[in-house]
Amino acid sequence: MKFHFFHFCLIFPHFVLSEKRQYSDNKFTIASLFNKENSDAELAFKYAAHWHSLYSGEGTSYNSVVQKVPEGNTFASSKIVCNMTQNNNRLIAIFGPESHKTNAIVQSICKKLEIPHIQTSWQPSTNFPPIISLNFYPAANILAEGFATIVKHMNWKSYAIVYQRDEALIRLQAILKIPESSDNPVTVRQLEESGDYRTMLKLLKFSGITKIILDCDTDDVVDVLQQAQEVGLLNYPTSYLITSLDAHTLDYSSLNTNANITMVRLFNPNNEDLIRHIKSWEVGEMRHNQHVLATPQTVRTDAVLMIDAVNLLIEAVNHLNKTEMISPRSMSCHDSDTWEGGYRIAAYMKEHRLANPISGPIVFDQFGRRTNFNLQLIELNSNLVKATWCPENGTKLNITISAKQRQQMVLRSLQKQRIVVSSKLVDPYLMESNAPRTADSIASRYEGYAVDLIELIARELNFTYVFTITESNGNYDEASGLWNGVVGDVVNGVAQLGICDLTITHQRRQVVDFSNPFMTLGISILYKKPSAGEPNMFAFIDPLAEDVWMYTATAYLGVSIVLYLIARMAPGDWENPHPCDENPEQLENAWNLGNALWLTMGSIMTQGCDILPKGISTRMAVSMWWFFSLLMTSSYTANLAAYLAKERSGVSIKSVDDLIAQNKIKFGTLINGSTYEFFKESDYSKYQAVWNKMSGFKPTTFVGKNNEGVRKVLNKNQDYAFFMESASMEYEISKHCELAEIGDWLDSKGYGIAMPIDAPYRGEINSAILKYQESGTLQTLKKRWWKELIKKDPCELPDDENQTKEDGLKLANVGGVFLVLGIGVTVSFLIAVVEFLWNARNISVEEGVPYLHVLAAELKFAVNLWVTKKAVRGENKDDSPEASENRLDEEKPYQDESLFPLHIMNRLTENRSSSHHS
Ligand code: GLU
């Protein structure tokens, strides 16, 4: 077409000149179609043209015609446009309308008549528009890239896209193309046509989504957010990115939200030209007694684009008019009429750069699509432009605020709200306080390490907070797919911070962010201290198990009886009782049961025996018994030292291996905590063995609370070891001197403060923690809660000297041995007494002397310690009269009272003389 027009100029220069002469100072008409009543864009259109007529000084004036067209009614729209072109012989361009349904028909009429068609609203860029068209609204595909860059830069791991109209999917196409990770899927939801979005928003909330990209009509934004607030999806730090370029013009004060709302705009409301234009609207409308509601802060993008569009059009017309090219005329839609100047104007507009456009740099491609613009990222309640993006930036966002400004922004938003801190009642991190509450002390209801730490951070960052208490640290329920406890509160947006003895774990890290660890620790075993308190005086029994003692005793009896029996059979053990008599009439066997028992006892006591067997079989049996005794006594002796030492130290387990190897001590962990998960998920065979044993105990050895586990360990009637985290263990050990940590840490990890993923204040919290770590404040805090505030006497730690003393066996450890000795000797004494009495009785019966006399004489003799010889009594002698005579002779030497009790002797003499007489 350019070609035709150019030819036309060359061939008919006179015609062109005469046209100029005729119309150069004429008025031009520009028309705009609007779907809505009284929009800012309408004012912008009217007054921009008017302003130029008054002030451009180019001798041209512009008449603006405004027409309302029903949205979606293409027939009515086409009729209006055709009337316009037919009745208006100075029409140079048609603007609008906004709706792209009616826009299409206007565009095609303009194309046919070759009248420039100018748009200021978003249009899908699926088809190439006719080159007579220009759209000042950013090209859909490039704008989509801009949004995608912003989303990528926000680094949101998991988010939802909530859109209203189907066309939004074109606007968001580049965002939808961002690859999503399998564990962080992107949710896409459409707003219900009914206008009630609560159910959908509630579902988003329950699925743990806290980042939302919202694409809806500007006028519906507040309504959607209002409903989000109703379902609890507008709390800090839920984040929204609103794609409407007019979101910044809305009034969010009714929401009173502390959510993080990011908006994108195309222009700076403080632009001086814009302010001047709005003033001109006010002045202009005042003449018609109308009041302008628009302010630079509320004016919409289409109005700003309208100003730029009219400005550029008028600059083009003014310029072209000088070269006599502008000659609009009335045209009918039904004729094959076209206007040559239209393309010229459109081409000029595409090439020409407007000086200081309000909506940023304006560049068009050959199809009239705007390819350059400047997106400004702002946040609700902040005038600072955080970042900008223009198509030249590609995938980079231009951060416009310094780190300090960013930090200040974060702090300001943190300070604006009362931060909810989720925690769990667990000593000494968070405990109910007994101290009287003061009105100005937020944390006065609770006390503990976590309270102090949060207070320190809050003071540093100058925010206020309130605690919310939950039951557990937080674990994932596979059945419901939900997190509970402190982690759950943070995931669900109930709390902005989570603090307790909360271990940083990989699984939790998937759903929340953690601060730097404020405490490092590892899993260890809590068990009773080596108890010097209860020594076992029968510890000498321990080296052999009960059943071994029983078997040994049975073997002793059995072997003694067998020895007795074989000795009776073994010819070698039948001996000549009088070795001088070479041909004895009788043989004697020394192996009665008593001797057999004596020999076996002597052997096992490693003492030997005064008589030994002579027969082959008996020797064989005895040597086997000796072999048995040798091994048993050596094993016993070897074990004895170790068992006595163990008895003294009281430690029966020293490591996890010891725990696995034994069956006496049960062990467990806090259920569903990180320690529980550590064993459950471990790939290491040793910890798998712990898990297998631990999970198999019936009744269960897992506990619901740490202090329940500690109670179980302390229980004297129970043998229980508790796998616990060293930091909490340290506290319990300071409280209970009878507890001790056994072995080394099984792992190494830390406690951190949980916060929502990508929480903007994470850096601030981290730097506060670092600061307190470096200054030693955290150490002081720990000392305070772990040692100083424990109201009890410090545990006595054995000093070196004590330890040396402890090396010796105490009476309590070997008391049993003394006891056995005492009992043995006592029993032998009692036997001696019984023997003594029995002997006296025998004498009394044999000799016919009263029992008490015999007893007294025997007793007197027994205590007469210097008498070492005793007369042989009659009972062992021959009873014949000769023998009796002999015996009397033999007894003579004992007639000495010192050798035999005198009265017994007298009595004996009496008896003898009476028997002689008789
Ligand atoms: N600190 C653990 C957690 O965060 C709780 C205690 C434990 O498991 O030993 O789950």
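In each ligand, atom 1 is the first atom listed, and ligand 1 is the first ligand listed.
Regarding atom 2 (C) of ligand 1, its nearest protein heavy-atom neighbour is Ser674 OG, 3.2 Å. Scanning all protein heavy atoms for the shortest distance to atom 9 (O) of ligand 1 gives Thr675 OG1, 2.5 Å.
If you look at Arg508 next to ligand 1, the close heavy atoms, those under 4.0 Å, all belong to the side chain.
Salt-bridge formation is detected for the pair Glu455/Arg459: a Lys NZ or Arg NE/NH1/NH2 atom is positioned less than 4.0 Å from an Asp or Glu carboxylate oxygen. By the 4.0 Å N-to-carboxylate-O rule, Glu471 lies too far from Lys424 to be salt-bridged with it. A salt bridge does not link Lys528 to Glu738: none of the charged nitrogens lies less than 4.0 Å from a carboxylate oxygen.
Close approach to Asp501 involves these atoms of ligand 1, each under 4.0 Å from a residue heavy atom: 1 (N), 2 (C), 3 (C), 4 (O). Short contacts between ligand 1 and Leu502, defined as distances under 4.0 Å to a heavy atom of the residue, involve ligand atoms 4 (O). Interface atoms of ligand 1 facing Gly673, defined by a heavy-atom separation under 4.0 Å, are 8 (O), 10 (O). Interface atoms of ligand 1 facing Tyr751, defined by a heavy-atom separation under 4.0 Å, are 1 (N).
Residue contact annotation: Phe723 has no non-hydrogen atom under 4.0 Å from ligand 1. By the 4.0 Å heavy-atom criterion, Glu725 is counted among the residues contacting ligand 1.
In the model, Thr503 has no side-chain atom that pairs as donor or acceptor with a side-chain atom of Thr505 under 3.5 Å.
The number of heavy-atom neighbours closer than 6.0 Å to NZ of Lys787, taken from other residues, nucleotides and ligands shown, is above 12. By the neighbour-count criterion of 12 heavy atoms within 6.0 Å, atom CD of Gln779 is sparsely surrounded, having that number or fewer from other residues, nucleotides or ligands.
When Thr669, Thr505, Leu670, Asn473 are ranked by how near their heavy atoms come to atom 3 (C) of ligand 1, first place goes to Asn473.
A cation-pi arrangement is absent between Lys666 and Tyr720, since the terminal nitrogen or guanidinium carbon is not both under 6.0 Å from the aromatic centre and inside a 45° cone about the axis.
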